[in-house]
Amino acid sequence: MVEPLISVRNVKKYFDVGKGKTLKAVDGISFDIYPGETFGLVGESGCGKSTAGRTIIRLYEPTDGETIFNGRNIYELSRHEMQEVRRDFQMIFQDPYASLNPRMSVLDIIAEPLDIHKAYKNHRERYNRVIELLKLVGLNEEHAQRFPHEFSGGQRQRIGIARALALNPKFIVCDEPISALDVSIQAQVVNLLKKLQKEFGLTYLFIAHDLSMVRYISDRVGVMYLGHMMELATSEELYNNPIHPYTQALLSAIPIPDPEIQRNRHRIMLEGDVPSPIDPKPNCRFVDRCRHATERCRRETPEFREIKENHFVACHRADEILRGSLK
Amino acid sequence: MGKLLEVKDLAVSFQTYFGEVEAVRGVSFHVDKGETVALVGESGCGKSVTANSIMQLLPMPPAFYKNGQILFEGEDIVKKSDKEMQKIRGNKISMIFQDPMTSLNPTMKIGKQIIEGILKHQKLSRHEAKKKAIEMLELVSVPQPEKRINQYPHEFSGGMRQRVMIALAMVSNPELLIADEPTTALDVTVQAQILDLMKQIQDKLGTAIILITHDLGVVADISDRVIVMYAGKIMEEGTTDEIFKNPKHPYTRKLLGSVPRLDMDRNESLHSIEGTPPDLYRPPKGCPFFDRCDKAMVICKDHMPNKEYHSDSHYSYCWLNHPMAKAADEGSEI
């Protein structure tokens, strides 16, 4: 059995929104990420997927829970120890326009992690490393002296990726890295991420709302809804045999670029919108929009349990759905 | 069915400090009554400029019509004055936008905004207009419309705001609805709701829709015909089935290949299109897709291909489809 690279245990992140109210953005999620894999985290806006990604690498201080990396709970590390660990964690952001400092040259942007961790002996070495990184992401030496505004969205995202790779990290959180890009450019960036993963044995946490892209890039996928993990399985399993009524609805809502399939498929329409994550009641978070909701779902939060091998789900009626007695 | 809208050889440019940007370069298409036509393409391909010029919503200057006609019910929109446009805009042609928050007035109650739209084009009393506003909200399935009309836009969720926008656009029962990326800002489950709603309304009222989007899944879902644009020109047009099942232009093929499909093998790599679209300050003389196309030939560089018909409804602009290029095998790279 392979040891997980990162174990997330019951992590919670609450935000105080004033007037004694609490916004429970992430409310107790647990999962493992194995070395070399891509773990996809999907859900609709406001489900807490980005907060989860940031809390796991301690960009946000967690409210509760632990994240084990290299046998240590990173939430207990001192500031100094944390800085060492940060070398292994990097992040790629959604907006390639906002995540690069417009006043810094590409050279300085990519070298910034090297500067902070003093990862070079002299200027020559710093420069060479940056050029090496630029080439790795499909840019070249002449781009080093330019500024972010001279680049297109796809190229900027490549710069962001080069910066994330600068310190040879083990784990990269990709927070919607392609949703701001055009489709043809999305494919370029995704292919690049896959290539780099193979080359350096990187582990990704890939956060996205584009479900077909997540299926394509991820080995395992977790589905979040209002701060809870609803279902987790390998991507084949999740997309072929979704159990949770929310996952089923989510998958049936993806528009498929094929008119014939699109005309003949049965869709599960969800009524209404995602409810507010402020002071939620202790019940299944999905209860108000669920086709199969019962009294029990309104009373207690379902436990997140392994229903099949490597297939976890948080639903009181999962067994019935699995047996096919619910339609 | 009669042609509702006919765009003939439309060219729109922007005068900027650095020179002229040729955003739309000779686009011709038509929309029949009650059908849905999708304009597809990547950012900067001219799809939104085309749509905005139908509504005369482009700021002029810097924008100007360089050439062409836009015939709506037989009359040329390009020649209409502001006054005349006001009778068409929001009345016969309506538009909904990507971000419903920025297109609603945040300081005005929803009801008042809808009533304002009704009174602008219809001779009704305030009381009747209010009744009509409630009816419109019912039409777009906003729950508790009597209560909701007294609320402000920030009290609505993204999906609900888009419903309000659709209600607002439909008040005078327009012939044509232009939807500019109507679901791009929404989550998938809400997107499915809004697309369903648009289909329902179209069935009920017989409105023609021009759908502008980059999401091919959305296109497959609701459109009858598809127009693929690139660098200010139409590359290919056909019925939805023709475009998805039998694409003739390499760009359309690549575009379809760059989206992962749910039934695709995960070890396959996505067909990315290398490079970026051309700069429209100095648009290329020949085929604009030339430098990104893996089937490009010498002729493509300097000569724009002719229109080649594959069926009555399906045509493309590509030298590969020229009768004399038949020797060039589909699979081989040139």
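Remember, it's a predicted structure, so these values are computed and weren't measured experimentally. Letters go in sequence order (proteins before strands), and every chain restarts at 1.
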Exercise for review: Between chain A and each of B:Thr240, B:Leu195, B:Asp241, count heavy-atom pairs under 4.5 Å; write down the option with the most.
Suggested key: B:Asp241
Review point. Can you pull out the residues in residues 185-194 of chain A with any heavy atom less than 4.5 Å from chain B?
Key: A:Ile185, A:Ala187, A:Gln188, A:Val190, A:Asn191, A:Lys194
**Study point:** chain B contact via A:Ile217 - side chain, backbone, both or neither, heavy atoms under 4.5 Å
**Key:** backbone
Check your understanding: Given that the side chain runs from C-beta out, which part of A:Ser252 has a heavy atom under 4.5 Å from chain B: side chain, backbone, both or neither?
Key -> neither
Practice item. Give every residue pair that meets the side chain to side chain donor-acceptor pair (under 3.5 Å) criterion with at least one member in residues 36-51 of chain B, sequence neighbours excluded. Key: A:Asp182-B:Ser43, A:Ser184-B:Glu42, B:Thr36-B:Gln202, B:Glu42-B:Tyr251, B:Ser48-B:Asp180
Check your understanding: Among A:Ala253, A:Ser218, A:Pro255, which has the most heavy-atom pairs under 4.5 Å with chain B?
Key -> A:Pro255
Exercise for review: Let me know if A:Tyr239 has heavy atoms under 4.5 Å from chain B in its side chain, its backbone, both or neither.
Suggested key: side chain
Check your understanding: In terms of heavy-atom contacts, does CG of B:Asp312 have more than 12 from other residues, nucleotides or ligands at under 6.0 Å?
Key -> no
Exercise for review: May I ask you to list the residues in residues 157-165 of chain B that approach chain A closer than 4.5 angstrom, counting heavy atoms only, ordered by number?
Suggested key: B:Ser157, B:Met160
Exercise for review: Please indicate whether A:Lys281 has more than 12 foreign heavy atoms, meaning atoms of other residues, nucleotides or ligands, lying under 6.0 Å from its NZ.
Suggested key: no
Point to revise | Between CD1 on residue A:Ile256 and CZ on residue B:Phe244, distance to nearest 0.5 Å | key: 11.5 Å
Point to revise | Where at least one partner belongs to residues 209-232 of chain B, residue pairs that pass salt bridge (Lys or Arg N to Asp or Glu O under 4.0 Å), sequence neighbours excluded | key: A:Arg267-B:Asp221, B:Glu35-B:Arg225, B:Lys199-B:Asp221, B:Arg225-B:Glu237
Exercise for review: Using non-hydrogen atoms and a 4.5 Å limit, figure out which bit of B:Val218 sits close to chain A: side chain, backbone, both or neither.
Suggested key: both
Check your understanding: Heavy-atom distance under 4.5 Å to chain B: side chain of A:Asp219, backbone, both or neither?
Key -> both
Revision key, fill the gap. Assert top hit (heavy-atom pairs under 4.5 Å, partner chain A, pool B:Gly44, B:Pro143, B:Ala192) equals B:Ala192
Review point. Considering all heavy atoms of both residues, which atom of B:Ala220 and which atom of A:Asp258 are nearest to each other, and what is their separation?
Key: CB-N, 3.6 Å
